[in-house]
**Q** 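Take a look at this one; I'll ask things after.
No experiment lies behind these values; they were computed from the predicted model shown. Order of listing sets the numbers, starting from 1, for every ligand and every atom in it.
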Amino acid sequence: MILPPSLSIREGHLCVGGEDCNGLTERFGTPLYVTDGDRVLANYYAYSTALSSRYTQVRVLYAAKANGNLAILRMLGKAGAGADVFSSGELQLALSAGMLPEDLLFNGNSKNAADLTLAVQKGVKVSVDSLDELALLDSVAEAEGKTAEIAFRVNPAIEVPTHPKIATGLRTSKFGIPHEQILSAYQAALSCEHIQPVGLHCHIGSQILDMEPFVQEAEVIVDLAGKLVDLGVPLQFIDLGGGLGIPYRHATDPAPTPEDYAARVLPVFLQGIKEAGIRPAFWVEPGRYLVADSTVLLTRVNSVKEAYCRFVNVDAGFNLLVRPAMYDAYHEVVVANRADVPPLNMCTIAGPICESGDILARDRYLPVVRAGDLVAILDTGAYGFAMSSQYNARPRCAEVLIAGKTVSAMRRAETVEDLIAPMEDCTR
Ligand code: LLP
């Protein structure tokens with residue numbers, strides 16, 4: 001098996017960032033998310049370098065929804081990243097991680113007055129998703145005695161080769177304003193007293209391994225940018241969103257890099273802004289690419305059962321990693337305490353949740369697996385912990401960060417008391 005760069009094998013044991021997974025679980029227990037912080041930074045620098053070597057005004061806004069752990073936000077913030085935040089909660093996380101309001105963009109198709117008030121009070125730009133939201137923001141800004149700087153989220157109606165649930169710029173998607181209505185939306189914004197349109201925003205989907213849809217997106221957006229100049233919109237930035245995928249099937253998936261992305265998209269952007277006679281900043285919002293391959297989910301085998309197939313029952317399920325159940329997502333699997341043994345047995349990795357769909361990996365060839373073994377589910381840094389739940393009253397697990405030689409918990413495991421407390425407060 002081809003391992004992602006943060007993983008290695010030492011004396012038959014899987015290591016993350018050089019740390020033995022078996023030792024980590026002795027110390028922190030299972031299930032356990034383990035993240036190689038150096039890998040996150042390397043991914044970030046790959047992105048920012050690929051873009052800034054082609055254009056001077058570039059900003060990388062990390063999509064905080066992919067993994068909102070404060071330690072990761074802090075690390076990326078220190079490295080120079082801003083953030084795409086999709087809720088008041090993510091906005092506050094990014095600020096508490098030390099990111100600056102001007103380095104954030106508040107996205108979302110359904111924000112309420114409290115969300116918009118927070119954005120205006122903190123001075124965070126808003127990507128507006130509807131004319132109703134525009135009117136609400138105008139009144140919120142008036143009440144706060146401020147002017148809100150905005151972009152509109154454009155729906156460019158672009159088909160993308162990814163799972164339909166994570167395509168976000170289809171004609172049928174809930175996100176954004178249809179591109180044919182966008183000029184009148186900006187006209188409406190220009191006539192609002194407490195709104196200043198300064199940007200243009202788009203995001204076409206996630207886990208995209210083909211560069212062509214990104215090129216199409218850039219073409220639609222720079223074409224709109226030219227028309228906005230004619231309307232008198234002072235465009236300070238164009239944000240093309242995130243979406244660059246990773247090769248979950250390491251041996252066979254294409255593995256486009258930020259360099260591939262930049263080499264295809266930047267020329268379209270540069271040509272477009274030249275024709276429009278403007279020099280807005282170029283923003284992107286990668287989530288998955290920065291964090292996915294930095295992390296493994298370690299889970300203990302409780303039992304192995306020969307039934308319809310060989311079920312390997314582990315202690316993590318879709319409560320901790322919902323991607324396989326939700327999108328039929330594929331994550332590679334390694335037996336972490338026998339990582340150098342040839343794969344001989346076909347196994348299905350089943351979680352502990354009371355749902356037939358709670359399967360983390362189906363029909364995989366693995367070394368002989370026994371109760372007590374440790375299984376690693378790879379590439380779980382994006383939309384892993386972030387989408388976890390407490391279903392079946394299972395407290396969420398801890399997360400560990402390896403940064404250089406330092407190993408530390410970046411989130412403690414929840415306890416049953418954490419589950420009970422919010423209810424007890426109400427029912428006492
Ligand atoms: N910007 C916006 C406005 C977004 O909606 C998203 C993701 C991103 C940036 C980051 O996209 P990325 O670079 O991570 O592809 N839970 C799904 C993915 C949902 C993505 C939703 N939007 C999954 O586990 O595959």
Side-chain angles (χ1 to χ4, degrees), residues 40 43-44 46-47 51 59-68 72 76 81-87 90-91 94 104-111 125-129 151-156 158 160-170 173-177 199-211 213-214 217 221 237-248 253 256-258 261 265 283-295 297 318 320-331 360 377-389:
V40 174
N43 290 337
Y44 169 74
Y47 234 104
L51 297 170
R59 180 166 290 169
V60 178
L61 279 71
Y62 167 57
K65 74 206 78 181
N67 188 330
I72 290 180
L76 285 169
D84 141 34
V85 295
F86 217 82
S87 66
E90 286 182 4
L91 193 160
L104 308 182
L105 184 67
F106 194 174
N107 292 320
N109 60 298
S110 186
K111 309 185 197 80
K125 294 179 194 62
V126 178
S127 172
V128 175
D129 197 277
F152 279 106
R153 166 100 174 238
V154 181
N155 180 324
I158 291 177
V160 284
T162 190
H163 191 284
K165 285 186 183 160
I166 57 174
T168 57
L170 305 175
S173 299
K174 69 170 181 172
F175 300 106
I177 294 186
L200 184 54
H201 177 221
C202 189
H203 173 79
I204 55 173
S206 198
Q207 184 52 15
I208 299 168
L209 297 172
D210 174 3
M211 295 307 98
F214 292 122
E217 177 195 15
I221 296 300
F237 71 89
I238 291 179
D239 180 344
L240 293 187
L244 186 60
I246 67 138
Y248 285 102
D253 276 349
T257 60
Y261 173 89
V265 171
W283 290 14
V284 279
E285 300 173 344
R288 185 187 314 271
Y289 191 88
L290 301 196
V291 289
D293 72 356
S294 68
T295 300
L297 171 58
F318 77 50
L320 292 176
L321 180 67
V322 78
R323 305 194 67 257
M326 193 154 173
Y327 317 111
D328 289 320
Y330 183 97
H331 287 263
L360 292 178
I377 317 286
L378 308 195
D379 304 312
T380 50
Y383 310 108
F385 191 97
M387 294 178 78
S388 63
S389 74

**Q** Is there a heavy atom in Ala66 that sits closer than 4.0 Å to ligand 1?
**A**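 Contact absent.
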
**Q** Any non-hydrogen atom of Arg153 lying under 4.0 Å from ligand 1?
**A**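 Yes, that is the case, since the closest heavy atom of the residue is under 4.0 Å from the ligand.
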
**Q** Looking at ligand 1, does any of its N/O atoms fall within less than 3.5 Å of an N/O of Phe86?
**A**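 Such a contact does not occur with ligand 1.
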
**Q** Please confirm whether Lys111 makes a cation-pi placement over Phe106, using NZ or CZ under 6.0 Å from the six-membered ring centre and within 45° of the ring normal.
**A**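 Flagged: Lys111 positioned over aromatic ring of Phe106.
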
**Q** Need the ligand 1 atom indices (1-based, order shown) with element for anything under 4.0 Å from a heavy-atom of Met387.
**A**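 What qualifies from ligand 1 is 16 (N).
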
**Q** Are Ile208 and Leu244 side-chain neighbours, meaning at least one heavy-atom pair lies under 4.5 Å?
**A**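 Of all side-chain heavy-atom pairs linking Leu244 with Ile208, none is under 4.5 Å.
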
**Q** Just to confirm my output: which protein heavy-atom neighbour is closest to atom 14 (O) of ligand 1, and how far is it?
**A**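 Closest protein heavy atom to atom 14 (O) of ligand 1: Tyr383 OH, 2.6 Å.
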
**Q** For atom 9 (C) of ligand 1, which of Thr380, Asp84, Leu61 has the closest heavy atom?
**A**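 Going through Thr380, Asp84, Leu61 one by one, Asp84 has the nearest heavy atom to atom 9 (C) of ligand 1.
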
**Q** Is the contact between Phe175 and ligand 1 made by the side chain, the backbone, both, or neither, using heavy atoms and a 4.0 Å cut-off?
**A**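 Contact part for Phe175 vs ligand 1: neither.
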
**Q** Taking N or O atoms only and a 3.5 Å limit, does Leu244 qualify as a polar contact for ligand 1?
**A**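 No; the residue has no nitrogen or oxygen that sits under 3.5 Å from a nitrogen or oxygen of the ligand.
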
**Q** Side chain, backbone, both or neither: which part of Lys65 has a heavy atom under 4.0 Å from ligand 1?
**A**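 The part of Lys65 near ligand 1 is the side chain, not the backbone.
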
**Q** Could you tell me whether the side chain of Val284 reaches within less than 4.5 Å of the side chain of Leu61, counting heavy atoms only?
**A**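 No, their side chains stay 4.5 Å or more apart.
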
**Q** Which part of His203 is near ligand 1, with near meaning a heavy atom under 4.0 Å away: side chain, backbone, both or neither?
**A**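 For His203, only side-chain atoms sit under 4.0 Å from ligand 1.
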
**Q** Considering distance alone, does some N or O of Tyr289 sit under 3.5 Å from an N or O of ligand 1?
**A**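 Not met; the criterion fails.
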
**Q** With the side chain counted from C-beta on, respond yes when Ser206 and Thr168 share a heavy-atom pair under 4.5 Å apart, and no when they do not.
**A**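 No, every pair of side-chain atoms sits at 4.5 Å or beyond.
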
**Q** Would you mind listing which atoms of ligand 1 come within a distance below 4.0 Å of any non-hydrogen atom of Gly242?
**A**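 With Gly242 as reference, the close atoms of ligand 1 come out as 9 (C), 13 (O).
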
**Q** With a 4.5 Å heavy-atom cut-off, do Ile158 and Leu170 have their side chains touching?
**A**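 They are not in contact (no side-chain heavy atoms under 4.5 Å apart), so the answer is no.
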
**Q** Does Thr168 come within less than 4.0 Å of ligand 1, judged by its heavy atoms?
**A**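 No; Thr168 lies far enough from ligand 1 that no heavy-atom distance drops under 4.0 Å.
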
**Q** Is any side-chain heavy atom of Tyr248 less than 4.5 Å from a side-chain heavy atom of Gln207?
**A**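 The answer is yes, as the side chains (C-beta and beyond) meet within the 4.5 Å cut-off.
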
**Q** With a 4.5 Å cut-off on side-chain heavy atoms, are Leu378 and His331 touching?
**A**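 No, side chains not in contact.
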
**Q** Kindly say whether the aromatic ring centers of Tyr62 and Tyr44 come within a distance under 6.0 Å.
**A**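 Ring centres of Tyr44 and Tyr62 not closer than 6.0 Å.
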
**Q** When you check the side-chain N and O atoms of His201 and Glu285, is any donor under 3.5 Å from an acceptor?
**A**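 There is such a pair (donor and acceptor under 3.5 Å, judged by atom type) between the side chains of His201 and Glu285.
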
**Q** Would one find an N or O of Glu285, backbone or side chain, under 3.5 Å from an N or O of ligand 1?
**A**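 Yes, since at least one N or O of Glu285 sits under 3.5 Å from an N or O of ligand 1.
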
**Q** At the 4.0 Å heavy-atom cut-off, does Pro286 count as touching ligand 1?
**A**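 Yes, Pro286 has heavy atoms under 4.0 Å from ligand 1.
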
**Q** Report the part of Lys165 in contact with ligand 1, treating N, CA, C, O as backbone and CB onward as side chain, heavy atoms under 4.0 Å; options are side chain, backbone, both, neither.
**A**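 Neither part.
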
**Q** Indicate yes or no: at least one non-hydrogen side-chain atom of Asn67 is less than 4.5 angstrom from one of Phe385.
**A**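 Asn67 does not reach Phe385 side chain to side chain.
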
**Q** At under 4.0 Å between heavy atoms, is it the side chain or the backbone of His163 that contacts ligand 1, or both, or neither?
**A**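 Neither; nothing of His163 gets under 4.0 Å from ligand 1.
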
**Q** Indicate, as side chain, backbone, both or neither, the part of Ser206 found under 4.0 angstrom from ligand 1 when only non-hydrogen atoms are considered.
**A**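 Both backbone and side chain.
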
**Q** Using a 4.0 Å heavy-atom cut-off, say whether Arg323 meets ligand 1 through its side chain, its backbone, both or neither.
**A**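 It is the side chain that touches ligand 1; the backbone stays farther off.
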
**Q** With only distance considered, is Arg288 within less than 3.5 Å of ligand 1 through an N or O on each side?
**A**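 Yes: some nitrogen or oxygen of Arg288 is under 3.5 Å from one in ligand 1.
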
**Q** Could you tell me whether a side-chain N or O of Asp84 sits under 3.5 Å from a main-chain N or O of Ala64, the two making a donor and an acceptor?
**A**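 A pair under 3.5 Å: no.
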
